[in-house]
S.K.: 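Sharing a structure here in structure tokens format.
Within every chain, numbering begins at 1; the chains are lettered A, B, ... in the order of the sequence lines, protein sequences first and strands thereafter.
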Number of protein chains: 2
Amino acid sequence: MNDDTPWLSPREQRSWRAFVRLNQKLTARLGSELQSQSKLSGPDFAILVALTDEPSGRLRFQELAKNIDFEQSRLSHQIARMIKRGLVAREECAEDGRGAFVTITEQGVEAIEVAAPLHVAAVRRLLLDAISPEDLDALGDIAARVLRHLETTP
Amino acid sequence: MNDDTPWLSPREQRSWRAFVRLNQKLTARLGSELQSQSKLSGPDFAILVALTDEPSGRLRFQELAKNIDFEQSRLSHQIARMIKRGLVAREECAEDGRGAFVTITEQGVEAIEVAAPLHVAAVRRLLLDAISPEDLDALGDIAARVLRHLETTP
DNA sequence: ACCTGGTCATTGACACATCATGTACCGTCC
DNA sequence: GGACGGTACATGATGTGTCAATGACCAGGT
């Protein structure tokens with residue numbers, strides 16, 4: 001490796017690597033627990049939560065995509081798979097012939113009602129139980145700051 | 001949603017959501033910059049870095065998998081794809097008939113030498129520039145603590 | 001020599017993400 | 001009212017991740 005490259009200092013590297021590793025392991029653990037306990041994937045979960053947050057239990061594709069920060073195409077594929085499994089359904093849109101709603105099905109409601117408490121418990125057990133409330137706040141502050149930074153950086 | 005489920009407090013939820021969102025966005029940004037600047041994916045990068053860290057430029061599958069925390073099968077698939085693109089090569093193992101080495105090719109070396117400084121610069125620009133050194137240390141400490149916690153938690 | 005259990009790696013099937021492209025419909029401007 | 005640019009969503013190709021099953025080999029006991 002070239003020595004004049006702006007490499008990270010050992011101190012920076014330590015934090016950066018720990019952060020990356022944590023992301024990987026935590027998402028992996030949460031994902032696999034979700035999967036084995038409730039037969040839902042992370043994307044499944046995100047979509048069902050977004051739909052149950054809606055009193056009507058349905059959302060336009062656009063809106064849903066924005067709420068959970070999915071690209072349109074990704075959402076389209078994901079919904080197609082979830083329809084096959086009966087978790088959600090499509091519904092044509094009367095006002096706009098192009099558009100469509102995604103609605104949560106009975107089966108979807110049942111699935112998310114099983115999954116949600118288990119998932120919350122896992123988040124608590126795997127992350128929250130490991131750190132103090134102050135640390136959690138600090139983590140949230142830092143994350144929020146970086147997120148703002150990301151929005152204004154090329 | 002059932003009201004007696006152990007939901008997160010608003011305060012907890014704020015930090016948790018920010019953390020999740022940061023992970024998603026940051027990995028997405030880093031991945032796509034890497035891809036467009038150097039034609040390497042995240043997994044490609046991780047593997048090439050691990051191989052160049054080795055003086056011999058080669059590693060057994062097991063060892064490589066452990067170093068970068070990949071499952072065996074994942075690594076096998078990934079290596080197969082990278083061989084097709086000429087970034088690495090496989091080499092039979094004389095001592096152990098089952099095993100094999102992964103070695104980095106000339107082309108792999110070139111690729112990583114282009115990608116590494118760009119990637120480091122991106123990490124700096126997207127994350128390090130957004131927070132103070134103290135915050136970075138704090139982040140690293142928290143991450144390290146959670147990682148230890150994860151190892152001893154079912 | 002031959003099981004036998006464990007280790008090393010591959011493979012196939014499927015879920016997921018992303019990119020580029022396609023199709024149908026909207027609104028508007030002429 | 002017909003062409004046109006833009007919006008909403010779908011689709012296919014390719015790369016990636018995970019699980020379960022498999023093959024190939026090692027080492028140790030009998």
S.K.: By nearest atom, which of the nucleotides C:dT18, C:dA9, D:dC19 is closest to the B:Glu71 side chain?
M.R.: D:dC19
S.K.: Of all of residues 20-28 of chain A, which get a heavy atom below 4.0 angstrom from DNA chain D, listed by number?
M.R.: none
S.K.: To the nearest Å, give me how far apart CZ (A:Phe61) and P (D:dT11) are.
M.R.: 10 Å
S.K.: Measure the distance from CG on A:Leu75 to C1' on C:dC16 and round it to the nearest whole Å.
M.R.: 13 Å
S.K.: Between B:Arg29 (CZ) and C:dT18 (C1'), how many Å, whole number?
M.R.: 17 Å
S.K.: Could you go over nucleotides 14-17 of chain D and give all protein N or O partners under 3.5 Å, atom names and distances?
M.R.:
from, atom 1, to, atom 2, distance (Å)
D:dT16, OP1, B:Ser41, OG, 2.9
D:dT16, OP2, B:Arg81, NE, 2.6
D:dG17, OP1, B:Arg74, NH2, 2.8
D:dG17, OP2, B:Arg74, NE, 3.4

S.K.: In chain order, what residues pass the side-chain hydrogen bond (donor to acceptor under 3.5 Å, both in side chains) check against B:Asp129, with sequence neighbours excluded?
M.R.: none
S.K.: State, without any angle test, whether A:Gln62 and A:Gln72 hold a side-chain donor-acceptor pair at a distance under 3.5 Å.
M.R.: no
S.K.: Rounded to whole angstrom units, what separation is found between the CG atom of B:Leu64 and the P atom of C:dC8?
M.R.: 14 Å
S.K.: So, using side-chain hydrogen bond (donor to acceptor under 3.5 Å, both in side chains) as the criterion, who are the partners of B:Asn67 when residues are at least two apart?
M.R.: none
S.K.: Under the side-chain hydrogen bond (donor to acceptor under 3.5 Å, both in side chains) rule, what pairs show up with a residue in residues 96-109 of chain A, not counting sequence neighbours?
M.R.: A:Asp96-A:Arg98
S.K.: Mind checking what makes salt bridge (charged side-chain N to carboxylate O under 4.0 Å, His left out) contact with A:Arg85, not counting sequence neighbours?
M.R.: A:Asp44
S.K.: Report, one line per pair, each donor and acceptor closer than 3.5 Å where one atom sits in a side chain of residues 130-139 of chain A; sequence neighbours left out.
M.R.:
from, atom 1, to, atom 2, distance (Å)
A:Ser132, OG, A:Glu134, OE1, 3.4
A:Ser132, OG, A:Asp135, N, 3.1
A:Ser132, OG, A:Asp135, OD2, 3.4
A:Asp135, OD2, B:Arg145, NH1, 2.5
A:Asp137, OD1, B:Arg11, NE, 3.2
A:Asp137, OD2, B:Arg11, NE, 2.9
A:Asp137, OD2, B:Arg11, NH2, 2.3

S.K.: What contact category does A:Gln62 fall into here, base, sugar-phosphate, or nothing, at under 4.0 angstrom with non-hydrogen atoms?
M.R.: sugar-phosphate
S.K.: Can you list the residues that meet the salt bridge (charged side-chain N to carboxylate O under 4.0 Å, His left out) rule with A:Glu91, with sequence neighbours excluded?
M.R.: A:Arg58
S.K.: Output the rounded distance in Å from CD (B:Gln72) to P (D:dC25).
M.R.: 16 Å
S.K.: What's the CE-C1' distance between A:Met82 and D:dC9, to the nearest Å?
M.R.: 17 Å
S.K.: Do the side chains of A:Arg14 and B:Asp141 get close enough for a salt bridge, i.e. N-O under 4.0 angstrom?
M.R.: yes
S.K.: Tell me who clusters with A:Val114, hydrophobic residues only, linked when side chains sit under 4.5 Å apart either directly or through other members.
M.R.: A:Leu118
S.K.: Measure CD1/A:Ile83 against P/C:dA15 and give the value in whole Å, please.
M.R.: 15 Å
S.K.: Any protein N or O atoms within reach of nucleotides 20-26 of chain C? Criterion: under 3.5 Å, listing atom names and distances.
M.R.:
from, atom 1, to, atom 2, distance (Å)
C:dC26, OP1, A:Gly97, N, 3.1

S.K.: From CD of B:Glu92 over to C1' of C:dA9, roughly how many Å is that when rounded to an integer?
M.R.: 10 Å
S.K.: Quick one: which residue pairs count as a side-chain hydrogen bond (donor to acceptor under 3.5 Å, both in side chains) with a foot in residues 15-24 of chain A, not counting sequence neighbours?
M.R.: A:Gln13-A:Arg17, A:Asn23-B:Asn23
S.K.: Quick one: list whatever passes side-chain hydrogen bond (donor to acceptor under 3.5 Å, both in side chains) with A:Arg148, sequence neighbours left out.
M.R.: none
